[in-house]
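What's counted below: heavy atoms across the whole structure, side chains too, no hydrogens, waters or symmetry copies.
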Amino acid sequence: MLARVSAALLGIALFAGAAGAQETTIKFTLGWKTQGSDAAFFYAKDHGFFKEEGLNVVIDQGEGSGATVTRIMSGAYDAGFGDVNAIIQNASTKPQDAPVMVYMIWNQPPFAIVTKKTSGINTIKDFEGHTLGGAQGTPTTRLLPVFAQKNKLEGEKIKISNMAPNLQEPMLIKGDIDAALVFNITSYFNLVLNRQDPDKDYKWFSFGDYGLDLYSNGVMVSRKLLASNPKVVAGLVRAVNKAMIAIAKDQNAGMKAAVNYDNLINIEVEKRRLQFSFDKLIVSPEMKEIGVGDVKDDRMARAIGIIVEGYQLARAPAPSEIFSREFLPPRAERELVYTAN
């Protein structure tokens, strides 16, 4: 009897070991340090969505949404949350190495210019004759000449003061610069953390409202993973999609997962950031039409054209090189309804 029980237990252990061995480890990089807007990834992990797909997703903090692309291209990461515009830049010269976006999340661009309401800047024409603080190499700074050209501004009359990203809001607050070239989801909360009221005391000029209708951050994967294990890619996308739908309805659950990942975050601020991401970057007429995760090919083609022009790229990649909808769940499963709570 004892021998039979022992044999049965051994069989269970071997089966469990075999099941565990089938789990595929995915190294996933965030776009930046832990933020509430990343809650879907933490929620998918905490609620077993990745595990259900046979995935062990190891989530690391990032170094910038553009750096997600270079991290994946180096082979250090299999997937991550990052900027599609950085994919376009790299795909222009290294199409065989550049990752592919498989699930668009921020279908509205975060690129913006922020200024104090007391600055005297009331329209974009007023940027002429003023000093804008920009971090070199960031999309907002790099695309300013295209912004100026499309809006018939005299770019030579706009002075750029180069600075580290963490100095932009402090210098704006002090009055050392007249406006800052920023990511709205970052700058808004930098102002909050500096005890400012970004709605009452500041004006925001979004590039998306002035002719630069770009896509932004989403889930991207390496070409190696895409080719070698498409089932894993499909599972990763399904898990993230389920989590996105869930936290759109319950941000508190999303924040609980974020705190489980990093208990040092400012819960109040990061919950506001999560809600900001839905309000400003995710929920849009396009998202409601085609579902979360997808893009429109004609808009992507136009966005590629803007990036090619802004960065003076030698080759314009095709939309199919940048984004693949092959792994998206059916449209009915991507019906995101956001309720702030």
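With hydrophobic clusters built from ILVMFWY side chains whose heavy atoms lie under 4.5 angstrom apart, L212 shares a cluster with Y210.
Other residues, nucleotides and ligands contribute more than 12 heavy atoms inside 6.0 Å of the CD atom of Q61. With a 6.0 Å radius and a threshold of 12 heavy atoms from other residues, nucleotides or ligands, K203 has its NZ atom above the threshold. The environment of CZ in R195 is sparse: at most 12 heavy-atom neighbours from other residues, nucleotides or ligands sit within 6.0 Å. Within 6.0 Å of CD1 on I267 lie no more than 12 heavy atoms contributed by other residues, nucleotides or ligands.
Within the structure, the ring-ring contact (aromatic ring centres under 6.0 Å, His included) test picks out no pair touching residues 306-330 (sequence neighbours left out). Applying the side-chain hydrogen bond (donor to acceptor under 3.5 Å, both in side chains) definition to pairs two or more places apart or across chains, those involving residues 332-341 are R331-E335. Identified under the side-chain hydrogen bond (donor to acceptor under 3.5 Å, both in side chains) test for residues 224-240, with sequence neighbours left out: E53-R238.
Y215 pairs by the ring pair (Phe, Tyr, Trp, His ring centres under 6.0 Å) definition with nothing, not counting sequence neighbours. With sequence neighbours excluded, no residue satisfies side-chain hydrogen bond (donor to acceptor under 3.5 Å, both in side chains) with D78. I121 is linked by a side chain to side chain contact (heavy atoms under 4.5 Å, CB included) to T115, S119, D126, F127, H130, D178, A179, F205, counting only residues two or more places apart in sequence or in another chain. R302 is linked by a side-chain hydrogen bond (donor to acceptor under 3.5 Å, both in side chains) to nothing, counting only residues two or more places apart in sequence or in another chain. With sequence neighbours excluded, the residues forming a side-chain hydrogen bond (donor to acceptor under 3.5 Å, both in side chains) with K51 are E23, listed by chain and number. Remark: Y202 pairs with no residue by the ring pair (Phe, Tyr, Trp, His ring centres under 6.0 Å) rule, at least two apart or across chains.
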Show me the donor-acceptor pairs within less than 3.5 Å that the side chains of residues 156-167 make with the rest of the protein, sequence neighbours left out.
from	atom 1	to	atom 2	distance (Å)
K157	NZ	E154	OE1	3.3
K157	NZ	E154	OE2	3.3

Please tabulate, for the side chains in residues 25-33, all donor-acceptor contacts under 3.5 angstrom to protein atoms that are two or more places apart in sequence or on a different chain.
from	atom 1	to	atom 2	distance (Å)
T25	OG1	N56	ND2	3.2
T29	OG1	R71	NH1	2.8
K33	NZ	G62	O	3.4

Under 3.5 Å, side-chain donor or acceptor atoms of residues 42-49 against the rest of the protein: list the pairs with distances, not counting sequence neighbours.
from	atom 1	to	atom 2	distance (Å)
K45	NZ	V57	O	2.5
D46	OD2	N260	ND2	2.8

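Contact check on R299 versus D213 returns a salt bridge, with a Lys/Arg side-chain nitrogen under 4.0 Å from an Asp/Glu carboxylate oxygen. Comment: K271 does not engage E268 in a salt bridge, judged by the lack of any side-chain N to carboxylate O separation of less than 4.0 angstrom. At a threshold of 4.0 Å, the pair D298-K296 does not count as salt-bridged, since none of the basic side-chain nitrogens sits closer than that to a carboxylate oxygen.
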Salt bridge (charged side-chain N to carboxylate O under 4.0 Å, His left out) evaluation trace for R325 with D297: CA-CA 10 Å; R325 63 175 55 84; D297 290 340; 3.1 Å; yes

Side chain to side chain contact (heavy atoms under 4.5 Å, CB included) assessment of I105 paired with M244: CA-CA 9 Å; I105 296 180; M244 284 292 300; 3.9 Å; yes

Would Y77 and D60 satisfy side chain to side chain donor-acceptor pair (under 3.5 Å), going step by step from the backbone distance to the final call? CA-CA 9 Å; Y77 288 87; D60 288 341; 2.7 Å; yes

Determine, step by step, whether T34 and D262 satisfy the side chain to side chain donor-acceptor pair (under 3.5 Å) criterion, reporting the C-alpha distance in whole Å, the side-chain angles of both residues, the deciding distance to 0.1 Å, and the verdict. CA-CA 7 Å; T34 313; D262 184 350; 2.9 Å; yes

Show your working on salt bridge (charged side-chain N to carboxylate O under 4.0 Å, His left out) between K117 and D201 and close with a plain yes or no. CA-CA 6 Å; K117 286 187 176 177; D201 299 326; over 6 Å; no

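Among the candidates P99, S92, P317, the single residue satisfying the side chain to side chain contact (heavy atoms under 4.5 Å, CB included) test with I87 is P99.
Listed for the T141 side chain is a donor-acceptor partner under 3.5 Å among the backbone atoms of A135. A donor-acceptor contact shorter than 3.5 Å is absent between the side chain of S216 and the backbone of Q108. Looking at N151, its side chain never comes within 3.5 Å of a backbone N or O of L153 through a donor-acceptor pair. Q251 places a side-chain N or O within donor-acceptor distance of the main-chain N or O of I247, the cut-off being under 3.5 Å. One N or O on the side chain of W204 and one on the backbone of P198 form a donor-acceptor pair closer than 3.5 Å. In terms of modelled atom types and a separation under 3.5 Å, the side chain of N241 and the main chain of V237 share no donor-acceptor contact.
Residues L281 and I185 have side chains in contact (heavy-atom distance under 4.5 Å, counting atoms from C-beta outward). Contact check for N217 versus V84: no side-chain heavy atoms found under the 4.5 Å cut-off. Two residues are said to be in side-chain contact when any heavy atoms from C-beta on lie closer than 4.5 Å; Q168 and V182 meet this criterion. Using a 4.5 Å heavy-atom cutoff, the side chains of I173 and Q196 are in contact. Inter-residue side-chain proximity for L328 and D294 is flagged as met; some heavy-atom pair is nearer than 4.5 Å.
With values rounded to the nearest 0.5 angstrom, M73 atom CE is found 13.0 Å from T68 atom OG1. Distance check, rounded to the nearest 0.5 Å: CD1 of I265 to CZ of R273 gives 9.5 Å.
Between F183 and W106, the ring centre distance reaches or exceeds 6.0 Å.
What you find for N184 and A112 is that their closest heavy atoms are CB-CB, 4.3 Å.
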